Amino acid sequence: MTAPDRSMGSPSLTPAEAIALQKELAGRVELRPLPARFHVLAAADLSYLPSRELIAVVVTFSWPDLQLLEKVHVRRPVEFPYVPGLLSFREAPALTAAFHQLELRPDVFLCDGQGLAHPRRFGLACHVGLLLDIPTVGCAKKRLCGTHDPVGIEKGSRSLLSLDGDPVGYVYRSRTGVKPIYVSPGHKADLESSLALVERCVRRYRIPEPLRVAHNTATLLRRNPEFP
DNA sequence: GCGACAG
DNA sequence: ATCTTGTCGC
């Protein structure tokens with residue numbers, strides 16, 4: 001009999017344990033409309049260094065005018081492998097740590113990854129939302145699972161993303177002619193309000209503005225860890 | 001057995 | 001995600 005290898009990065013959980021935990025936590029996720037009115041929206045993204053470290057960035061924007069309010073980040077070693085379906089165990093800890101560096105308390109958190117559109121209905125956005133007990137929305141650049149009808153080529157076109165018969169998100173064409181993005185609710189959010197929020201965050205590019213800023217910031221910090 | 005597979 | 005140059009097109 002071989003004991004699970006928890007050395008080299010000492011993951012706190014084995015993949016099998018993580019999957020069991022997801023099945024349990026998925027039952028605590030709440031599906032409901034996002035708050036009708038709120039003032040602060042947070043968005044986050046991460047970048048990875050050759051040193052096996054990662055940088056998690058969280059930015060906040062005023063809502064609904066979308067003016068940048070704050071930027072914070074944390075740098076730490078990567079302690080969980082990338083396994084499709086288990087992304088949150090790799091990124092959520094750093095994201096919540098960065099979140100706690102904020103001075104303002106966000107009302108909604110936009111995450112770079114899936115929410116409900118996950119094999120066990122527990123994507124990154126759900127995990128982060130549960131850990132922080134805040135409404136979250138998942139917005140991914142690629143599909144993880146689920147099927148959908150073709151999406152119109154025009155900006156604003158959408159198709160329901162379904163998994164095992166039930167709706168888990170939307171495939172949304174944020175700009176004419178570009179690849180669509182995948183929007184799904186995290187915690188304390190639902191399909192319609194999640195897509196509505198993302199729509200309002202899209203400006204000139206395919207990626208919603210808050211996520212673009214978080215992504216660009218994470219990239220710059222990776223190339224130049226000196227400057228904020 | 002053969003693909004698919006968030007970041 | 002990250003390693004990497006130029007290239008095609010609006």
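Owing to the predicted nature of the structure, the values given are computational and were not obtained by experimental measurement.
- A cation-pi arrangement is absent between A:R175 and A:Y205, since the terminal nitrogen or guanidinium carbon is not both under 6.0 Å from the aromatic centre and inside a 45° cone about the axis.
- Using cut-offs of 30° and 60° for the angle between ring planes, the A:F122 and A:H127 rings count as tilted.
- Aromatic ring orientation, A:Y182 versus A:H148: perpendicular (interplanar angle above 60°, classes split at 30° and 60°).
- Side-chain atoms of A:R90 and A:Y48 include a donor-acceptor pair closer than 3.5 Å.
- Salt-bridge annotation for A:D149 and A:R158: absent, with no side-chain N of the basic residue lying under 4.0 Å from a carboxylate O of the acidic one.
- In this entry the distance linking CZ of A:R223 with C1' of C:dT4 reads 11 Å, nearest Å.
- Protein atom CG of A:L54 is 13 Å distant from nucleotide atom P of C:dA1, rounded to whole Å.
- Using a 4.0 Å cut-off between a side-chain N of Lys or Arg and a carboxylate O of Asp or Glu, A:R37 and A:D107 do not qualify as a salt bridge.
- Put simply, CD1 on A:I55 is 12 Å from C1' on C:dA1, counting in whole angstrom units.
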Dot-bracket, 5' to 3', for DNA chain B please: Watson-Crick or G-U pairs under 3.5 Å, [ ] where pairs cross earlier ones, | where the partner sits on another strand, dots elsewhere. .......
How does protein contact run along nucleotides 2-7 of chain B, one letter per nucleotide 5' to 3', with B for base contact, S for sugar-phosphate only, - for none, heavy atoms under 4.0 Å? --SBBB
Reading DNA chain C 5' to 3', what string of ( ), [ ], | and . shows its pairs, if Watson-Crick and G-U wobble pairs count only when both distances fall under 3.5 Å? ..........
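- Dense packing is recorded around CZ of A:R203, with more than 12 heavy atoms of other residues, nucleotides or ligands lying under 6.0 Å away.
- A:D133 and A:R28 are not joined by a salt bridge, as no carboxylate oxygen comes within less than 4.0 angstrom of a charged side-chain nitrogen.
- A donor atom on one side chain and an acceptor atom on the other are found under 3.5 Å apart for A:S62 and A:D65.
- The pair A:R75-A:E53 meets the salt-bridge criterion, since a charged nitrogen lies less than 4.0 angstrom from a carboxylate oxygen.
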